[in-house]
Amino acid sequence: MKKIAVLTSGGDAPGMNAAIRAIVRTGIDAGMDVYGVRQGYAGLIAGDFVYLSRRDVGGIMHTGGTMLGSARCDEFRTLEGRQKAIDALCKQGIEALVVIGGNGSQAGAYDLWQMGYPVVGVASTIDNDLEGSDVTIGVDTAINVALEAIDRLKVTAASHRRAFLVEVMGRKCGYVALVSGIAGGAEVVVISEREVAPEEVARELRAAYERGKNHALVVVAEGAQNNAQKLIQHFEADEGAIGFGLRATILGHVQRGANPTSADRLLATRLGHGAVRALARGERGVLIGLRGDHLASTPLGEIVGRQKPLDLSLFELARIMAQ
Ligand code: F6P
């Protein structure tokens, strides 16, 4: 294999740049030319390729975002769009594509593979909801951003004896909220996998004050039915009866923009390197992820359209630690 390409797709995740760097340098080391595709699948359809040398990917490992750009692309969802993408790859003489991204992006990679084009995926999403990898690129950084916010909010919460709520990203998955809640010492964690009614949240917060705590913190997953908006509504409507107000912070995209942690840089470097090695070995149509401390290849057909189940024993851990 002499020519490969790499693209980043979907929501950017801190560590994507480290993965691009690893793919380029491993590819060149194996005697390949490596091309970057700008703006994800949209750039692929447009044939927007850029040759990448070792130096082109220097000085990017510590930065969040993606040097190649990313996009969510409706045209790629059509058969015609995907055919255009394959034609562009073939016209450039590119023999295989590495797709760095989460669920939607890997579904796109699988579609290309089903049309006969060689692909390998790299597990990358701050949501950590992708089957085939215990941990995905970006989630460690996103959790650390949430923790920084939580730690700061606890300081002001303790000064005012106020309750605070932090809503974190994660799409439909509660992993980021649950781990941030445990590591941040939250009194209540609300996730879609274990909904907590607003009345129950209020009860838990009151109980925390009664136990002598001088702060009370709720971490909510954006995908929960009782998300920040719902909880705020409840607390605003019933503040008198509840006995205290709730200040809310919705972190949103702030979580995606940080410089990657060492864990994400190392993970991204290992997965990017592993993806090129897999292609060189002749593997096709697989996702490269981490299982335990080993790289694992999982057929894309086994992971697309599924959400990695959350380890709910962590929810019990959060509950006990909140007492
Ligand atoms: O999948 C990553 C993610 O950041 C989710 O946590 C979030 O729900 C979504 O992307 C936001 O998407 P967008 O950047 O398109 O608003």
Side-chain angles (χ1 to χ4, degrees), residues 7-19 38-43 63-77 99-110 121-150 165-181 189-193 195 219-230 248-261 264 267-268 271 287 289 300 303-310:
L7 64 76
T8 49
S9 164
D12 58 291
M16 277 182 161
N17 280 331
R38 294 195 188 93
Q39 304 302 130
Y41 289 121
T63 58
T66 159
M67 69 169 283
L68 291 174
S70 187
R72 305 202 190 270
C73 175
D74 287 337
E75 192 181 356
F76 191 75
R77 295 180 207 278
V99 174
I100 304 172
N103 263 315
S105 311
Q106 301 308 335
Y110 184 53
V122 169
S124 173
T125 163
I126 66 158
D127 304 336
N128 198 26
D129 59 351
L130 198 54
E131 284 278 15
S133 198
D134 295 349
V135 66
T136 54
I137 295 169
V139 64
D140 186 64
T141 308
I143 288 169
N144 277 291
V145 173
L147 273 181
E148 201 179 320
I150 288 169
L165 175 155
V166 184
E167 183 183 277
V168 300
M169 273 191 164
R171 208 176 283 277
K172 294 202 162 62
C173 175
Y175 182 85
V176 173
L178 190 46
V179 174
S180 304
V189 177
V190 185
I191 54 177
S192 63
E193 293 87 344
E195 289 288 349
V219 178
V220 187
E222 65 170 345
Q225 207 184 319
N226 292 308
N227 61 8
Q229 210 189 349
K230 286 271 175 57
T249 302
I250 298 177
L251 286 184
H253 292 80
V254 164
Q255 278 182 270
R256 291 215 311 237
N259 289 348
T261 58
D264 274 326
L267 176 67
L271 298 191
L287 177 83
L300 287 168
I303 64 130
V304 298
R306 297 178 61 189
Q307 178 174 313
K308 184 167 61 184
L310 196 54

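These numbers were taken from a predicted model, which means no experiment stands behind them. All ligand and atom numbering here is 1-based and tracks the order in the structure.
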Can you pull out the closest protein heavy atom to [atom]? Residue, atom name and distance to 0.1 Å, please.
{"atom": "atom 1 (O) of ligand 1", "answer": "D127 OD2, 2.7 Å"}
{"atom": "atom 8 (O) of ligand 1", "answer": "E222 OE2, 2.5 Å"}
{"atom": "atom 9 (C) of ligand 1", "answer": "R171 NH2, 3.5 Å"}
{"atom": "atom 12 (O) of ligand 1", "answer": "R72 NH2, 3.0 Å"}
{"atom": "atom 10 (O) of ligand 1", "answer": "R256 NH1, 3.1 Å"}

(request) Give the numbers and elements of all ligand 1 atoms closer than 4.0 Å to a heavy atom of H253. (result) 13 (P), 14 (O), 16 (O)
(message) I need the atoms of ligand 1 closer than 4.0 Å to a non-hydrogen atom of G170, numbered in the order shown.
(response) 6 (O)
(message) Taking CD in E195 as the centre, count heavy atoms belonging to other residues, nucleotides or ligands within less than 6.0 Å. Is the count above 12?
(response) yes
(message) Before you tell me yes or no, could you show the steps for D12 and T66 under side-chain hydrogen bond (donor to acceptor under 3.5 Å, both in side chains), namely the whole-Å CA-CA distance, both residues' side-chain angles and the distance that decides it to 0.1 Å?
(response) CA-CA 6 Å; D12 58 291; T66 159; over 6 Å; no
(request) Measure across S180 and A146 and return the closest heavy-atom pair with its distance rounded to 0.1 Å. (result) OG-CB, 3.5 Å
(message) Looking at every non-hydrogen atom in both residues, tell me the closest pair between Q106 and V304 and how far apart they are.
(response) O-CG1, 3.6 Å
(message) Before you tell me yes or no, could you show the steps for L287 and L130 under side chain to side chain contact (heavy atoms under 4.5 Å, CB included), namely the whole-Å CA-CA distance, both residues' side-chain angles and the distance that decides it to 0.1 Å?
(response) CA-CA 10 Å; L287 177 83; L130 198 54; 4.1 Å; yes
Can you give me every donor-acceptor pair (side chain of residues 166-175, partner residue at least two apart or in another chain, under 3.5 Å) with its distance?
{"unit_1": "E167", "atom_1": "OE1", "unit_2": "A228", "atom_2": "N", "d": "2.9"}

